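Since the structure comes first, as structure tokens, the remarks are kept for the end.
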There are 2 protein chains.
Amino acid sequence: MNDFAVKPPGKITIREVAAAAGVSLQTVSRVINKGPNVSDKARRRVEEAVAALGYSPSIAARRMGGSKSYLLLALNDRDRTIETWQLREGTDWVDQMLLGGMLTCAEHGYRLIFELVDTHSDNIERELAGALAALRPDGVILTPPHSDNATIVRLLDKHGVPCARIGGWEGLGGSLIRMDDLEAAARTVEHLAGHGHRRVAFIAGDPEYRLSEERVAGYRAAVERLGLDRDPELLEQGDFGFESGAAATRRLLALDRPPTAIVASSDQMALAVLAVARERDLMVPDALSVVGFDDTPIARTSVPPLTAVSQPVSAMTACAARLLIEGSDSAALPHIINFELAVRASTGPAPRG
Amino acid sequence: MNDFAVKPPGKITIREVAAAAGVSLQTVSRVINKGPNVSDKARRRVEEAVAALGYSPSIAARRMGGSKSYLLLALNDRDRTIETWQLREGTDWVDQMLLGGMLTCAEHGYRLIFELVDTHSDNIERELAGALAALRPDGVILTPPHSDNATIVRLLDKHGVPCARIGGWEGLGGSLIRMDDLEAAARTVEHLAGHGHRRVAFIAGDPEYRLSEERVAGYRAAVERLGLDRDPELLEQGDFGFESGAAATRRLLALDRPPTAIVASSDQMALAVLAVARERDLMVPDALSVVGFDDTPIARTSVPPLTAVSQPVSAMTACAARLLIEGSDSAALPHIINFELAVRASTGPAPRG
DNA sequence: CTGAAAGCGCTAACAA
DNA sequence: TTGTTAGCGCTTTCAG
């Protein structure tokens with residue numbers, strides 16, 4: 001019976017464990033880090049001591065001594081994120097990121113730190129460099145629109161911090177994780193065409209996001225391929241927000257030959273389509289079918305519930321974390337995560353012409 | 001012209017700053033920590049060097065040397081949180097916590113780490129102790145139902161880590177931050193009584209949460225005070241979830257003299273009331289008024305939008321962080337944060353008897 | 001396979 | 001008002 005167990009908790013260091021196991025500090029360190037060159041006997045004794053003392057290595061000390069910090073940084077745009085939080089529109093992008101990111105990190109003994117940085121500020125370099133210097137993370141997860149921000153990616157590279165870019169495109173370093181936005185947009189059009197729609201409109205998202213143009217491309221390709229009406233007036237520009245969706249819808253419905261279906265590049269814009277339709281007593285889906293993008297919680301509770309493309313945010317973040325932790329050669333192909341089209345009551349057969 | 005500026009970034013330590021400013025490490029440390037006994041001249045030179053080099057102290061090293069980690073830990077129940085994230089019902093409790101917590105931390109040079117722990121597990125002590133040992137946070141923020149968990153609070157105390165308990169009650173240590181749930185429930189009843197309702201029902205929440213009984217007490221007190229019908233059948237037990245709310249509503253509507261208004265202790269249960277009412281072609285609010293609790297995003301987009309009590313989650317978390325960072329005597333009174341009753345279309349005049 | 005020594009970047013305690 | 005010294009708990013060398 002030793003007296004280590006009665007030591008004040010939280011004060012148990014590798015030293016106590018080594019003493020309890022009757023080995024050197026190094027051996028304990030090796031066991032903890034699953035390093036080689038440890039006899040089974042020594043390993044077992046150390047593991048027992050660790051369990052008995054409830055030892056857990058200090059992440060700060062590990063960072064100090066070694067080269068790893070066991071920290072991953074998830075970077076989001078400060079203004080946009082705060083605005084989203086304050087608006088309380090039910091967007092759960094951050095929650096889904098945490099879900100995928102935290103669980104994956106935990107599985108590997110890592111920790112995810114969620115951080116906001118100001119993209120548009122001139123001192124973005126200073127701000128990001130500060131966070132890197134303070135935390136020294138082993139990797140950084142970037143989300144749109146940061147993912148394609150050359151300043152950020154290059155700064156990360158300069159600091160030697162690997163990054164995984166969710167929704168990012170080729171042309172910059174780091175691992176790429178995204179869904180097939182082009183294919184997703186095409187799928188929505190196919191779904192509608194399958195219901196007999198021939199005049200399908202599309203409300204594009206904020207052009208600052210690369211995925212906006214991908215979706216437009218997918219829409220165009222599908223319209224072309226399926227031989228639907230390819231009237232340029234059916235393509236409207238939005239910015240992901242409700243107001244822009246409402247305005248675009250009004251323009252679309254004012255056309256000589258208005259669309260029988262509208263695909264919006266965000267749920268908020270799709271909700272706006274629904275609102276404008278209700279305002280004009282246009283029944284959805286009888287007179288107008290509506291499809292959204294993202295499949296946020298709001299999509300399930302809207303009236304009617306929204307058919308929408310599910311963005312696999314959690315899975316993408318989990319993938320990003322895994323790549324960063326396990327290391328991946330940066331020249332690898334992008335990791336494409338499957339999306340889903342959640343079909344709900346906002347889409348139906350085209351009205352009879 | 002010195003050559004510090006061209007050093008590889010991220011490798012700038014207090015040593016570089018000291019050299020650039022021509023002072024000792026200690027002086028730099030004092031300036032960074034706003035310590036006393038530094039001449040204005042030295043301070044200015046150090047600040048200039050810090051700015052010029054883009055220096056930012058390593059949080060790991062600060063933790064190692066000193067007594068502070070500049071880290072605050074926000075602890076949530078693992079299972080419940082993950083389930084909430086996966087359900088995607090639009091609950092933004094976590095987001096609001098981050099909003100209040102991260103911003104307040106950032107203002108003070110701290111960082112918030114969001115962490116999940118398994119409450120119901122037997123090895124909760126091991127798990128929590130592990131997180132404390134690994135991170136060594138300067139304080140911990142507890143949320144319901146952890147806030148009143150004696151095991152957790154005592155363990156924290158044993159480790160000497162201050163805690164701030166959101167939605168916590170007296171009887172255990174740490175700072176207390178909460179809203180007045182009793183008063184909030186009473187306010188909902190007053191609101192309904194003001195509309196002429198005399199039979200107001202209440203669906204209670206999960207009894208594992210202390211606030212559930214507070215709300216019941218508030219409901220009872222208001223019913224008493226306002227002289228409304230205080231039929232015990234009007235009080236139903238729920239568990240915050242949709243299904244429990246639906247079941248309770250069915251029982252309430254099956255009464256000989258059903259209520260003309262129902263207050264539910266969560267938005268999800270209130271949504272269930274709405275759903276059951278629609279199922280029976282009971283118009284809301286004409287035939288039945290409904291009030292929810294929490295005011296999650298869903299409350300605004302439901303049909304009709306829900307009158308609900310807004311929980312000031314962000315403000316409570318900000319307060320908790322502030323108390324932890326600035327230090328507060330633990331014997332202080334609880335900090336009561338104001339709630340609001342968001343009045344929307346789900347409540348209206350009582351139907352004429 | 002194992003252990004001893006050095007040092008990561010910082011702050012506390014001490015001296016000057 | 002300053003500078004010096006010794007660690008914090010760990011991992012990395014490098015010797016055994």
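The chains referred to below are lettered A, B, ... by the order of the sequence lines, with proteins before strands, and numbering in each begins at 1. Bear in mind the structure is a predicted one, so any value in this text is a computation, not a measurement.
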Do you see a donor-acceptor pair shorter than 3.5 Å between the side chains of B:Thr104 and B:Glu107?
-> no
How do A:Val28 and B:Arg30 order along DNA chain D: which one's closest nucleotide is nearer the 5' end?
-> B:Arg30
From D:dG9, C:dT2, C:dT11, pick the nucleotide closest to the side chain of A:Thr13?
-> D:dG9
Among D:dT2, C:dA4, C:dC10, the nucleotide that comes nearest once only the side chain of B:Thr27 is considered = D:dT2
Rounded to whole angstroms, how far apart are CZ on B:Arg136 and C1' on D:dC10?
-> 12 Å
What's the CG-P distance between A:Leu135 and C:dC8, to the nearest Å?
-> 21 Å
Rounded distance in Å - CD (B:Gln26) to P (D:dT4) = 11 Å
Mind checking B:Pro57 for me? I need base, sugar-phosphate or nothing, with any heavy atom below 4.0 Å counting as a touch.
-> sugar-phosphate
Choose from C:dA5, C:dC10, C:dT2 the nucleotide whose nearest atom is closest to any side-chain atom of B:Ser58.
-> C:dC10
Salt-bridge present (B:Glu47, B:Lys34; N to O < 4.0 Å) = no
Could you tell me whether B:Tyr70 contacts a base, only the sugar-phosphate backbone, or nothing, with contacts defined as non-hydrogen atoms closer than 4.0 Å?
-> nothing
Separation of D:dC10 C1' from B:Ile59 CD1 (nearest whole Å) = 17 Å
Bend angle of the helix from C:dC1-D:dG16 to C:dA16-D:dT1, end axes from five pairs each (to 10°) | 30°
Out of D:dT12, D:dG3, D:dG9, minimum distance to the side chain of B:Met64 belongs to D:dG9
Evaluate the side-chain proximity of A:Val94 to A:Thr81: yes if any heavy-atom separation is below 4.5 Å, no if none is.
-> yes
Given atom CZ of B:Arg15 and atom P of D:dG3, what is their separation to the nearest angstrom?
-> 15 Å
Identify the heavy atoms of A:Ala20 and A:Ala49 that sit nearest to each other, and give their distance.
-> CB-CB, 4.1 Å
Which part of the nucleic acid does A:Ala60 contact within heavy-atom distance under 4.0 Å: base, sugar-phosphate only, or nothing?
-> nothing
Touch class at under 4.0 angstrom, heavy-atom based, for B:Gly66 against every strand present | sugar-phosphate
When rounded to whole Å, the CG to C1' distance for the pair A:Asp138 and D:dT11 reads 14 Å
Kindly say if B:Ser67 contacts the phosphate of C:dT11, meaning a side-chain N or O under 4.0 Å from OP1 or OP2.
-> no
Using only side-chain N and O atoms of A:Ser29, determine if any of them is under 4.0 Å from OP1 or OP2 of D:dT11.
-> yes
Just compare C:dT11, D:dT11, D:dT1 and give me whichever is closest to any side-chain atom of B:Ile14.
-> C:dT11
Would you indicate which nucleotide in D:dT2, C:dG9, C:dT2 comes nearest to any side-chain atom of B:Asn37?
-> D:dT2
Taking 4.0 angstrom as the limit, do A:Lys41 and A:Glu48 come out as a salt bridge?
-> no
Judged by modelled atom types alone, do A:Gln26 and A:Ser29 share a side-chain donor-acceptor pair under 3.5 Å?
-> no
Please determine if a side-chain N or O atom of A:Ser24 lies less than 4.0 Å away from the OP1 or OP2 oxygen of C:dA4.
-> no
Does the distance from a Lys or Arg side-chain N to an Asp or Glu carboxylate O, for A:Arg111 and B:Glu115, drop under 4.0 Å?
-> yes
Are A:Arg80 and A:Glu208 close enough for a salt bridge, meaning some N to O gap below 4.0 Å?
-> yes
Taken to the nearest whole Å, CG/A:Leu25 to P/D:dT13 is 17 Å
Kindly indicate whether a cation-pi arrangement holds for B:Arg63 with B:Tyr70, taking the cut-offs as under 6.0 Å to the six-membered ring centre and within 45° of the axis.
-> no
When only distance counts, do a donor and an acceptor, one from the side chain of B:Arg63 and one from the base of D:dG9, lie under 3.5 Å apart?
-> no
For A:Ile32 and D:dT12, give me the distance from atom CD1 to atom C1', rounded to whole Å.
-> 14 Å
Does B:Lys68 have a side-chain nitrogen or oxygen under 4.0 Å from the phosphate oxygens OP1 or OP2 of C:dA12?
-> no
